[in-house]
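All figures in this text were calculated on a predicted structure; none of them were measured in a lab.
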Amino acid sequence: MKHGDHLFLVDGSGYIFRAYHALPPLTRKSDGLPVGAVSGFCNMLWKLMVSARDTSVGVTPTHFAVIFDYSSKTFRNELYPEYKANRSAPPEDLVPQFAIIREATRAFDLPCIEMEGFEADDLIATYARLAREAGGDVTVISSDKDLMQLVGPQVSMYDSMKDRQIGVPEVIEKWGVPPEKMIDLQALTGDSVDNVPGIPGIGPKTAAQLIEEFGDLDTLLARAGEIKQTKRRENIIEHADKARISRELVRLRDDVEVPEPLDALVLNPPDGPKLVAFLKGMEFTSLTRRVAEATDTDAGAVDAAEVAIDAGEEMRGPDLDPGQAKSAGEAAGAGDSPSFDTPQALAKRRAEAAVGAKIDTSAYETLRDIEELKSWCAMARERGIVAFDTETTSLDAMQADLVGFSLAIPLSAPEAGDLTVRACYAPLAHSNGVGDLLGGGGDQPGQMPLRAALDELKGLLEDPSVLKIGQNLKYDMLVLARYGVSIESFDDTMLLSYVLDAGVGGHGMDALSERWLGHKPITYKDVAGSGKSAIPFAEVAIDKATAYAAEDADVTLRLWHVLKPRLAADGLTRVYERLERPLAKVLMHMERRGIRVDRQILSRLSGELAQGAAALEAEIQELAGESFNVGSPKQLGDILFGKMGLPGGSKTKSGQWSTSAQVLEDLAAAGHELPRRIVDWRQLTKLKSTYTDALPGFINPETNRVHTSFAMAATTTGRLSSSDPNIQNIPVRTAEGRKIRTAFIAEPGNVLISADYSQIELRVLAHVAHIPQLTQAFADGVDIHAMTASEMFGVPVEGMPSEVRRRAKAINFGIIYGISAFGLANQLGIERSEAGDYIRKYFERFPGIKDYMEATKAEARDKGYVTTIFGRRAHYPEIRSSNPQMRAFNERAAINAPIQGSAADIIRRAMVRMEPALEKAGGHTRMLLQVHDELIFEAPEAEAEKVIPLIVEVMENAALPALDMAVPLKVDARAAKNWDEAH
DNA sequence: CCTATCTCTTA
DNA sequence: GTAAGAGATAGGT
């Protein structure tokens, strides 16, 4: 570099955040990938590269570089651990743009520079000094005040969004001090965003005035006693040390050993085809056209580059030769000829390449010390992508302690054929299983200290510029949360599989590995044993644990390469991005909070139930004339239908007489005493064993609350399921059962709020099937079942007999379930022929329903799946079965899935939006549980009244703005001390 | 000890 | 008629 040369330094990280907030949100048309900041970035780069002379910069660059922050952890954290500690995670739709912007930089053939331990600002300061010393001029493309200390005769700044040059006069005008005093000024004012303390009560105006008066910070601090204003004087004296620390935090380092020499930053003419391919892939049409014209490229002849969401690897893949990972800052070689694909072609190729992957479990490494771990973290950062898995002591994430973790990093692009993966396991808390009652086993040798390893891991997992890939990451996040570690920027292979293939098969890692890789991973049983002889994972020998754990990370990474491209290829990006991935964290928080359950209430109920059941059992034995196991359907059947000779109803699959409640009720109605007692006995013992006895065992000893586990990928339709304990089947229908709900309580000073959607599935049906009468009825807010009865039977709603309404209600539910005459007859206790008449009548009155059902069945038959209103798919591969029963069952399920699934999508949307919305009411209300159409919250008494309308609003508007439903959604919400009264 | 069956709870 | 999870029993391993 020489006199007359001009270096442009773009503050890439700063630009991303500014553009995100300043520019209107923009998404890629084909798949909804958020690209607003990327678009602004590309336009800015292009403008600066080719026509900076026409802007207020007024010069053409000869050298050019884009600088990024490497990670959130820098040398400043050593000075002051709280530095940038309060910065919150970037918005969900900004995260994927970090990686894309790096890729954009490469597409422009510009050096992309970042360095561990330093902020972008330090690299900018260093390059600015080097250029200055070489006699060149510098323009820093940023408007960040932190960089203004660099401004001087040879260095100026440029605000590209306002097209405004920032020189010495501009800095003085804005801050009241010249650039060289900016450090002192910022030391006094501090910075709440970066958590730089400064001196309380001193803002920019006061700081400028003080610096003007005393000359510089040291003089000011030395002579602070002279300040007249009492409070200000005391503050400055008391917080002088804070100001000194602040000064070191804001002072930029200009002596960094930068990764590229100045001369490597020479600006080359853009590579037209390469850049056009990228811009086309991003669907930036007008910029594509401008670039194509300026570089004399035939845009029509260039294939769009595939740029996938969160792409760490995709972005780097096409222009990367296998095994030749480029170091940070190295520009992509201009001579590479990129191979670009349609999403479908890429997905297909990946799937084919993945089968029979060479997985060698003996090649995995065991990380024994921090240095090794550091080097793996650095490698992960360089690739921008890492698969991650934890090993723990328990399946219950709320009680699991960390035993170790594994990482897997792709070394080559899979386009090169076989994907090359390096994987490792870091054991942290393995013990010798020889401990007896007196002394626990000691640590196995060769493990690094847990705390130090966690610190290192935290830096990687919380770095949003590195994509973390896991299988069921909600579990890992839950475990890590207890160690103060979160995961920012992630993909979950279980959720990917669920979005792509719900209904096709399981989504567990072993199933996915066999399905996609043709590989059977080592099972947990293989390393830990099973049953009584099982040992805790912590006692597994480290070499065995390494093979098992590292393989999980390896397999997860390979699965991601197969599954992720399918998202764009199948148009399911939106479902994954909006309904699945963000919900994982929401559920993690809900599970972590748990709900308070009153032991005393349950124990009292248990006693009452035991008494009642014992009394009934005595009567039952008396009536039966012998003692038998009342809980055994087989023995009971022998008594009822053998010994007593009662008329048997239906038989079970295995040929046994059924003793179901339905059969017993019928016998009771015919005047038999014993069946009635059995029904009552079963109710009491069910409540006792499943609820009052089992629930206390789920109270976590640490938190004293019950933490259910929500499964995100368990149902075909998109509903959640709940287990350990299942809180989605807590009794409500009978008075006896409802007593169990009184044990679910709020903490003192708080209330529980229950908010549930009214008739959400019928509303969804009205919307998807376009039923005018239903739509109108919901708009008018009338009783929907009475309206149905009125339409069908010609009975006026006024004074309608309850039996008539009951039948209409059963029909409405039947429709949602994919009605059959058999089922409806069963439900209503009427003849099949009569039920058939009802159904015919219903279809006459609501012909749209019949059309919807036929169309849905046809869709399922043709495509193998049906779709919810938000695009979620539910697969029914057996719908083409030659078995008529099997076929009919699948048809009914297919009819139900879009209705149940759309309702599930709606509440998922509400849940994703709920947490930020609750902040507005004071921020102390916490979402605890979901029961399909109901959300349960815990709120301080003082906040409840304020938060209820907010909750209702979020839920009622959950479909918007993506979808403006033909039917309004209605939510009822109530607060009380316990769940029974709130519901 | 593990798995299948039956029953019952919810939306 | 849809979607789930769980407890008790019974029978095979």
Side-chain angles (χ1 to χ4, degrees), chain A residues 502-503 525 530-534 628-637 650-664 678-679 681-691 693-695 697-698 708-711 714-734 736-738 740-741 756-762 765 810-828 832 835 838-839 853 866 874 876 888-901 903-904 907 929-934 983:
Chain A
K525 275 189 200 165
S530 70
K532 215 177 170 186
S533 58
F628 69 107
N629 183 346
V630 187
S632 164
K634 189 172 173 292
Q635 295 181 33
L636 177 62
S650 53
K651 292 261 185 91
T652 67
K653 263 191 283 194
S654 56
Q656 283 284 321
W657 285 109
S658 168
T659 64
S660 70
Q662 183 64 62
V663 170
L664 299 179
I678 303 279
V679 169
W681 179 88
R682 279 189 182 166
Q683 191 201 1
L684 300 190
T685 52
K686 174 77 177 176
L687 292 175
K688 181 169 185 292
S689 66
T690 310
Y691 302 105
D693 286 352
L695 277 172
F698 287 102
T708 187
S709 176
F710 288 106
T715 71
T716 304
T717 55
R719 270 191 181 179
L720 301 177
S721 77
S722 153
S723 64
D724 309 297
N726 180 357
I727 50 78
Q728 294 181 324
N729 70 350
I730 303 297
V732 70
R733 287 178 211 208
T734 66
E736 275 296 295
R738 264 203 303 278
I740 289 162
R741 294 197 169 212
D756 68 304
Y757 282 107
S758 160
Q759 310 278 16
I760 189 168
E761 294 193 348
L762 277 176
L765 175 69
I811 295 169
N812 276 332
F813 275 100
I815 294 296
I816 290 170
Y817 297 153
I819 204 154
S820 77
F822 179 86
L824 183 62
N826 244 350
Q827 175 69 28
L828 286 176
R832 211 143 63 164
Y838 283 174
I839 295 168
M853 289 183 159
V866 291
Y876 294 94
F889 176 79
N890 277 273
E891 285 174 352
R892 289 193 298 272
I895 288 167
N896 171 256
I899 303 170
Q900 188 184 113
I907 198 165
L929 302 175
Q930 190 246 44
V931 189
H932 307 310
D933 64 359
E934 174 189 14
H983 186 72

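- With rounding to whole Å, A:Arg733 atom CZ is found 9 Å from B:dT9 atom P.
- A straight line from NZ of A:Lys653 to C1' of B:dT3 spans 14 Å, rounded to a whole angstrom.
- Near DNA chain B, meaning a heavy atom under 4.0 Å from it, residues 654-661 of chain A has A:Ser654, A:Ser658, A:Thr659, A:Ser660, A:Ala661 in order of number.
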Review point. Would A:Leu684 and A:Glu736 satisfy side chain to side chain contact (heavy atoms under 4.5 Å, CB included), going step by step from the backbone distance to the final call?
Key: CA-CA 8 Å; A:Leu684 300 190; A:Glu736 275 296 295; 4.1 Å; yes
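- Among the heavy atoms of the strands lying under 4.0 Å from A:Arg892 are primed sugar atoms or P, OP1, OP2 only; no base atom is included.
- Rounded to whole Å, atom C1' of C:dA6 lies 8 Å from atom OH of A:Tyr691.
- The CD1-P distance, from A:Ile730 to C:dG5, rounds to 14 Å in whole Å.
- One atom, CD1 of A:Ile727, and another, P of B:dA11, lie 11 Å apart when rounded to the nearest Å.
- In this structure, A:Asn812 atom CG and C:dT2 atom P are separated by 17 Å, rounded to whole Å.
- Contact annotation for A:Thr685: no contact, since no heavy-atom pair falls under 4.0 Å across all strands.
- As a whole-Å value, the separation of A:Leu695 CG from C:dG5 C1' is 13 Å.
- Backbone-only engagement by A:Ala714 is indicated by non-hydrogen atom pairs under 4.0 Å involving sugar-phosphate atoms exclusively.
- When distances run from any side-chain atom of A:Asn826 to the nucleotides B:dC2, C:dG1, C:dG5, the shortest one goes to C:dG1.
- Nucleic acid contact for A:Ala810: base, since at least one base atom lies under 4.0 Å from a heavy atom of the residue.
- Among the protein residues, A:Gly814 comes within range of the nucleic acid bases, having at least one heavy atom under 4.0 Å from a base atom.
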Pairs under 3.5 angstrom only: tabulate donor-acceptor contacts from the side chains of residues 820-828 of chain A to other protein residues two or more places apart or in another chain.
| residue | atom | partner | partner atom | Å |
| --- | --- | --- | --- | --- |
| A:Ser820 | OG | A:Gly823 | N | 2.9 |

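- At B:dT7, none of the side-chain N or O atoms of A:Gln683 fall inside 4.0 Å of OP1 or OP2 (strictly under the cut-off).
- The phosphate of C:dA3 (OP1 or OP2) has no side-chain N or O of A:Arg719 nearer than 4.0 angstrom.
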